[in-house]
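These numbers come from the heavy atoms of this one structure, side chains and all, not from hydrogens, waters or symmetry mates. The chains referred to below are lettered A, B, ... by the order of the sequence lines, with proteins before strands, and numbering in each begins at 1.
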Amino acid sequence: AQSVTQPDARVTVSEGASLQLRCKYSYSATPYLFWYVQYPRQGLQLLLKYYSGDPVVQGVNGFEAEFSKSNSSFHLRKASVHWSDSAVYFCAVRPNTGGADRLTFGKGTQLIIQP
Amino acid sequence: EAAVTQSPRSKVAVTGGKVTLSCHQTNNHDYMYWYRQDTGHGLRLIHYSYVADSTEKGDIPDGYKASRPSQENFSLILELASLSQTAVYFCASSRDRGGTGQLYFGEGSKLTVL
């Protein structure tokens, strides 16, 4: 079975600074990988996804993530954060087989932006 | 207009009572899911369905039933609610077989069992 580890429950960053949120996964093959974001009192929204190919994928609002097979990681980055980026970020994996999107989510990282 | 809507958005239930959470989607998606979110646990899959009148168990199905009477509607049923089922529940949909992993979530239903 697959699993996802987000080692940081909370990350605090100053507005305008760069950001990295860490994600490590465990799966026997290369899964599909995702980052979702949850704003207060809302459901989750897809930020970006990786299926194959270029290990760096671009998402919405200037976010990008880099897949590393050797490290089993899929870290999320942003060059310059804005106060509106304050949210909870979830990394998720899905086996690259089967029809149902049975995602396994990490526990989430709360991002706090300081003025 | 929201494509996945849940009701109720918030509910207080008594231990041992029956709770039904409803979900309606207008995405024309085949797959629908129920997840629960607990602080410190992320989201965990309870049940899912890929066609009307059929449901499948997810990772934590115990204590829950699901019903998919039509493509658009998917309900989660707690026959005997317990304190441990206090959580926020999310419904989601995704498109057809060969899925991409992109789930479309509702805004959540906060359930408190007393």
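For B:R44, no part lies near chain A; criterion is any non-hydrogen pair under 4.5 Å. Proximity to chain B (any heavy atom under 4.5 Å) is shown, for A:Q6, by neither the backbone nor the side chain. Neither the backbone nor the side chain of B:D38 comes within contact range of chain A, judged by heavy atoms closer than 4.5 Å. Only the side chain of B:Y35 comes within contact range of chain A, with heavy atoms under 4.5 Å apart. Heavy atoms closer than 4.5 Å to chain A are found in both the backbone and the side chain of B:L103. In this structure, chain A has a heavy atom under 4.5 Å from the side chain of B:Q37, while its backbone stays farther away.
A:K49 meets the side-chain contact (heavy atoms from CB on, under 4.5 Å) test with A:F34, A:L46, A:Y51, B:Q102; sequence neighbours excluded.
At a threshold of 4.5 Å between side-chain heavy atoms, the hydrophobic network of Ile, Leu, Val, Met, Phe, Trp and Tyr places B:M32 and B:I46 in one connected group. Cluster membership check: A:L111 does not share its hydrophobic cluster with A:F90, using side-chain heavy-atom separations under 4.5 Å among Ile, Leu, Val, Met, Phe, Trp and Tyr.
Listed by first and then second residue, the disulfide (SG to SG under 2.5 Å) pairs that reach into residues 18-83 of chain B are B:C23-B:C91, sequence neighbours excluded.
Within 6.0 Å of NZ in A:K78 there are more than 12 heavy atoms belonging to other residues, nucleotides or ligands.
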